[in-house]
Amino acid sequence: MKNTIKQVFHSGKFLFGFVIFMFILLTCLIYPIFVTADPLQMIGQGNFFKPGTYVSIEESTLEKSYTLQLPKQFSKLEAVLDIDTRAQIQEFLIKNAGVAESEIDVTDAEGLVALWKANYDPNTKYSGLTTAKRKALKRLDNQITAAMKDSGVIVAEKDEEGNLKQSKVIKDTDYVNINDVTTKTFLLGTDNFGRDVLTELVAATKSSLKIGLLAGLIATAIGLMLGLLAGYVGGLVDNIIIFITNLFTVIPAFVILILISYSVGDKARGIAMVGIIIGLTSWPWTTRSVRSQVISLRNRDHVNLSKLSGHSMFRIIFTDILPYIASYVVMAMILQISSGILAEAQLSMIGLGPATTKTATLGLMMQWAMQYSAHLNGSWWAYFPVVILIALISFSLNLMNTGLDQVFNPQLRD
Amino acid sequence: MKKNLQKVMSLLCVSALSLSMIAGCGGSNSGTTTTDTPATEESTEAVEETVEETTEETTEEATEEAAEETASTDEGSTPRNETLYEAGQQWGTINDWNPMSANSNNGLALSANESARELVYETLFMFNALDGKLYPLLGTEYSWNDDQTELTVKLNADAKWSDGSAFTAEDVAYTYDTHVKYQSSQGADFSTYVESVEAVDDSTVLIKAKAENGVAINPLKVTSILNTMYMMQKAYLQTVEERNGEDADKVKQDTMEDLVHTGPYAPYISNDQKAVLQRDDNYWGQASSMWGKLPVPKYIAHTIYKDNAAGQVALSQGEVDVCQQFITDVQNLWLQDNLPISTWLDDAPYGACEVMPSMFFNVERKGLDKKEVRRAIAMAVDYEQIIASAMSGQSPTFDEYPRSVVGPTDGERKYVDFDAIADLQWENADVDGANALLDEAGIVDTDGDGIREVDGENLSFKAECPTGWSDWNASMEIVAAAGEKIGIDIQTYFPEASSFYDDMTTCNFDICMWSCPGAGVMNPYSKGMFYFSEEYAKLASNWSGNFGHYMNDDAEAILKALPSETDEAKLKEYYTELSRILLDECPAVALMYRPTLFYAVNESVWTNYPAADDGRNIPPTDCTDGYGIAALYDLELVE
């Protein structure tokens with residue numbers, strides 16, 4: 001036993017897969033210890049806030065400020081006037097304001113702005129422009145006005161009579177120490193409900209692993225039982241079992257899965273139920289392969305010896321046959337777990353997974369990201385980490401499986 | 001030798017296939033028909049020549065394929081600069097063109113609500129949601145007599161059918177009579193309020209309202225016939241009746257593909273890929289009494305998209321000009337991606353919001369029959385979260401527009417005295433208040449499972465709306481999350497649309513979501529009906545409102561009195577009282593405000609679409625509905 005384990009861990013593939021899997025598993029276990037927030041709490045009011053640290057503006061204005069004479073990294077005006085914008089201004093000046101092209105120098109930001117201010121009137125309706133263009137120019141004008149403003153924002157407070165009273169001026173050299181104010185960091189942004197994607201992702205991985213493990217265990221248990229019986233007993237029992245198995249193999253498992261989940265209804269559809277449903281529909285191929293392995297084993301000498309010694313059927317199965325296929329069963333289970341996780345993702349994608357407000361699962365995260373077209377908005381953080389994680393889990397499980405295969409199957413050994 | 005032959009054959013087959021593929025590709029890439037067709041034919045000939053000596057089967061296949069390609073390019077493309085592309089209205093192959101049909105999916109031509117789609121069939125008047133007025137179309141003017149029992153409508157003498165014959169009062173009368181005779185849904189609906197529609201002379205129609213004791217039951221409803229009923233030709237209707245043996249079901253299921261219509265566009269192409277309407281250049285509306293010109297786009301095309309995402313991609317690529325779809329963070333299209341896309345308003349809420357998608361509580365369900373439970377759920381919901389995330393900010397908040405029976409437009413809000421009902425409003429996501437309310441009412445959790453009970457039964461409800469309606473689905477999730485905080489178990493349930501309709505129309509749900517009627521001549525009366533009408537609740541199949549069967553005698557009395565009331569002060573009193581009942585009893589709760597139609601336009605090909613600040617008074621109804629069709633006459637090509 002010790003030797004086998006040692007051998008297994010000598011396999012590079014297995015080790016690599018194992019490390020990835022353990023990393024994911026440990027993250028799922030350790031992360032919640034440090035971040036105790038409810039993964040389903042809707043914090044952000046809006047869709048898909050991008051990753052980063054969010055600083056309380058109110059506290060920043062109230063908190064003591066530090067004056068830092070940092071060299072200006074950029075002029076505000078230069079930042080607004082990128083090449084495209086300058087071209088846009090030039091086009092407007094020539095086409096709509098009738099300024100001669102020779103008068104315009106796009107490299108001179110201030111001169112360009114002066115010309116713009118002299119010729120653009122936000123209340124005029126310039127003909128020959130599309131509405132979108134008109135609106136874009138108006139936004140540009142606002143940006144330029146803001147950039148040209150002198151440094152300093154005035155903070156005012158309302159007194160008892162409702163009059164505004166200046167309480168503070170914020171200069172562009174004012175800084176606040178980030179440790180003094182409340183901040184919130186979303187490493188992976190928020191999703192469409194405004195939930196922290198990272199926290200949700202960890203919780204989702206945990207429940208997806210649970211579902212996968214449950215489904216894998218159930219599927220392997222059923223498959224193993226039926227396969228052992230069919231293979232060892234043979235005859236009528238074999239015929240009946242293989243008949244049922246064939247039935248299930250012919251009907252696509254995913255269709256049965258959809259039908260069962262649909263008929264179970266939303267009420268009962270928790271993590272456990274989804275796991276059980278997936279397990280109950282994905283056992284047939286385990287049965288078939290276990291059966292064929294058992295058939296080749298049952299006429300071996302040591303099995304015949306046991307039979308002659310009068311051992312009971314169960315004893316023969318469990319002591320003389322099972323140990324020989326144990327490695328195979330473990331590998332089959334790993335694959336079952338991996339496909340269970342995928343099946344959950346598929347189910348949730350079509351809205352038949354667990355309830356959104358009760359649990360987070362990888363499939364549900366994908367479903368909502370797609371519904372709110374995160375893939376079209378460029379909100380990669382809402383779906384890409386999920387995809388990566390699903391891929392990593394099945395990749396690591398498959399890698400472990402191949403590693404095991406190499407160790408246990410002499411033909412594959414180097 | 002044999003092997004050689006095989007080799008030659010296979011080479012020939014491959015070259016034939018690739019040639020036909022090249023022909024096909026060439027066809028679909030370069031949009032215009034004139035250049036494609038000869039090219040395709042040429043390659044077809046080439047294919048024929050090459051394959052002649054080999055098997056006959058290949059030849060046949062290849063030519064068939066090539067022929068198909070030719071056909072599809074011939075039929076499929078219309079010049080881009082003469083075609084206006086829409087999205088979000090048609091979601092499958094059009095199944096009929098029959099305004100009386102009960103199961104038509106024809107979103108391109110048939111949408112007989114207050115702002116009716118006026119492309120193919122036309123109504124007598126067009127509704128303009130911006131000013132709440134009716135604008136003349138087939139009719140020129142209408143007037144009520146003094147006791148509001150007779151409505152006289154004058155018709156436009158220039159109006160003509162697509163077959164060239166004149167549009168007369170006879171057609172109007174016959175259209176109405178046919179609707180009633182075959183009990184179409186409009187016929188069944190109007191016949192409760194309309195006594196008869198008669199032709200006085202060729203250009204005058206007299207609509208008599210049903211009256212009780214000399215007072216019309218509902219003059220508002222009678223007026224709405226003007227802008228919601230599509231006019232059909234008498235002669236054509238008689239043909240349809242004849243070919244279906246006057247059988248009600250058959251007449252209603254007739255596809256009417258040979259339709260006769262008055263509108264500016266006629267059906268041109270309709271398949272599972274796209275639906276296209278073609279301009280009728282003899283359209284009567286170019287007479288000076290109407291538009292004085294033809295609408296600008298020669299074709300109105302609607303590609304059949306698989307889902308919202310496909311439509312959105314097409315919009316951002318300029319393949320769609322007008323898009324009636326919910327788009328998450330729509331402002332990013334112009335702020336981040338710099339696309340020439342705009343909406344009605346430049347800032348949130350981006351659209352002209354006028355309806356309230358609301359959740360109805362089934363008051364026949366145990367637990368939900370208690371007003372404390374309904375109100376507690378209503379109080380605990382985080383509406384700002386719904387508006388910010390589920391609606392992506394495309395709705396004003398309930399702080400800006402407090403709850404009532406009326407929508408967020410000024411025209412409707414003047415009917416409610418908001419100070420009088422201010423004490424009934426609740427704060428956003430008032431979980432503590434909701435918990436206190438339930439505790440006070442003695443609805444508590446006695447068995448310690450975290451869920452409150454009524455008579456020993458857990459308060460556990462299903463909140464449902466159709467699957468795939470993403471903003472509604474997300475709203476229901478947020479409602480469910482609120483339930484969890486106040487010890488009421490709410491599960492979301494998103495069935496297919498058809499089974500949701502079954503549940504909703506037969507009151508077989510716990511909590512369901514539906515949207516109130518948009519702006520119209522009957523508003524805000526129709527919104528009052530939507531929330532309270534007992535009449536609706538008693539229908540066997542109820543599509544109209546009060547899905548939860550809430551009965552309130554006070555509300556019913558007000559609804560009876562409203563249609564014939566003209567005194568503004570009295571109206572305000574009525575609507576304020578209705579709002580008070582709505583907020584106090586919570587038979588239904590508005591979750592957000594929303595436009596009736598979403599509206600985003602891409603100006604890569606066409607420009608001069610309606611926008612809020614252009615002063616043209618054309619509503620953002622996707623250039624197709626009600627008075628919004630006026631936009632089609634002003635469109636210009638982008639230089």
Side-chain angles (χ1 to χ4, degrees), chain A residues 38 40-50 84-85 88 95 122-123 125 127-136 138-140 142-143 190-195 262 265-270 350-352 354-358 364 367-379 382, chain B residues 308-309 312-313 316 327-329 332-342 346 382 384-385 387-390 392-393 460 462 464 467-468 470-471 473-474 476-484 489-495 601-604 606-611 613-615 636 638-639:
Chain A
D38 175 10
L40 296 177
Q41 196 194 349
M42 300 171 186
I43 309 169
Q45 233 175 41
N47 311 113
F48 306 123
F49 291 171
K50 59 185 172 196
D84 289 342
T85 321
Q88 219 179 332
K95 268 197 184 165
N123 298 320
K125 253 205 182 140
S127 58
L129 289 182
T130 61
T131 316
K133 185 94 187 164
R134 261 201 291 271
K135 289 178 174 176
K138 212 175 229 175
R139 281 194 298 272
L140 176 63
N142 289 340
Q143 273 179 338
T190 68
D191 70 355
N192 65 303
F193 286 109
R195 305 185 289 205
Y262 195 75
D266 292 62
K267 289 216 166 160
R269 230 188 278 140
I350 56 171
L352 289 173
T356 307
T357 43
K358 301 256 162 19
L364 279 173
Q367 193 217 347
W368 284 107
M370 292 300 125
Q371 282 223 351
Y372 273 81
S373 43
H375 53 311
L376 298 180
N377 302 343
S379 314
Chain B
N308 265 347
Q312 187 184 332
V313 170
S316 54
I327 299 174
T328 311
D329 286 334
N332 285 350
L333 290 178
W334 60 85
L335 288 184
Q336 275 179 17
D337 304 343
N338 282 323
L339 295 169
I341 291 175
S342 51
D346 212 15
D382 190 344
E384 283 178 12
Q385 188 68 34
I387 285 162
S389 68
S392 190
S460 174
K462 270 201 300 191
E464 66 180 283
T467 179
S470 42
D471 50 335
N473 290 169
M476 289 276 108
E477 294 292 355
I478 294 170
V479 170
E484 205 158 325
D489 178 42
I490 299 176
Q491 305 273 344
T492 52
Y493 171 49
F494 307 134
V601 294
N602 186 320
E603 288 172 299
S604 352
W606 299 98
T607 183
N608 207 15
Y609 295 102
D613 54 0
D614 66 0
E636 292 161 9
V638 174
E639 292 149 21

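Quick note on labels: first sequence line is chain A, next is B, and so on, each numbered from 1.
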> Rounded to the nearest 0.5 Å, what separation is found between the OG atom of B:Ser470 and the CE atom of A:Met370?
Replying inline: 12.5 Å
> Between A:Gly44, A:Gly46, A:Ser379, which shows the greatest number of heavy-atom pairs under 4.5 Å with chain B?
Replying inline: A:Gly46
> Hey, which of B:Ala388, B:Pro340, B:Ser389 has the most heavy atom pairs under 4.5 Å with chain A?
Replying inline: B:Ser389
> Does A:Thr131 offer a backbone N or O that forms a donor-acceptor pair with the side chain of B:Glu603 under 3.5 Å?
Replying inline: yes
>> Counting C-beta onward and ignoring hydrogens, is there a side-chain heavy-atom pair between A:Asn192 and B:Thr328 closer than 4.5 Å?
In response: no
> Rounded to the nearest 0.5 Å, how far apart are OG1 of A:Thr130 and CD1 of B:Ile341?
Replying inline: 11.5 Å
> If you count heavy-atom pairs under 4.5 Å between each of B:Thr607, B:Thr467, B:Asn308 and chain A, which one has the most?
Replying inline: B:Thr607
>> Quick check on the interface: out of B:Asn473, B:Leu335, B:Leu339, B:Ile387, who has the most heavy-atom pairs with chain A under 4.5 Å?
In response: B:Asn473
> Any side-chain heavy atom of A:Phe193 sitting closer than 4.5 Å to one from B:Glu477?
Replying inline: yes
> Measuring heavy-atom distances to chain B, does A:Arg139 have an atom under 4.5 Å in its side chain, in its backbone, in both, or in neither?
Replying inline: side chain
> Taking C-beta and beyond as the side chain, do B:Asp346 and A:Lys138 meet within less than 4.5 Å on heavy atoms?
Replying inline: no
> Between B:Ala309, B:Ser342, B:Ala474, which residue shows the highest count of heavy-atom pairs closer than 4.5 Å to chain A?
Replying inline: B:Ala474
> Does the side chain of A:Met42 come within less than 4.5 Å of B:Asp382's, by heavy atoms?
Replying inline: no
>> Nearest 0.5 Å, please: how far is CG in A:Leu129 from CG in B:Asn608?
In response: 12.0 Å
> Out of B:Ala390, B:Gly483, B:Gly393, which one racks up the most heavy-atom pairs below 4.5 Å with chain A?
Replying inline: B:Ala390
> Between B:Ser316, B:Ala481, B:Ala611, B:Pro495, which shows the greatest number of heavy-atom pairs under 4.5 Å with chain A?
Replying inline: B:Ala481
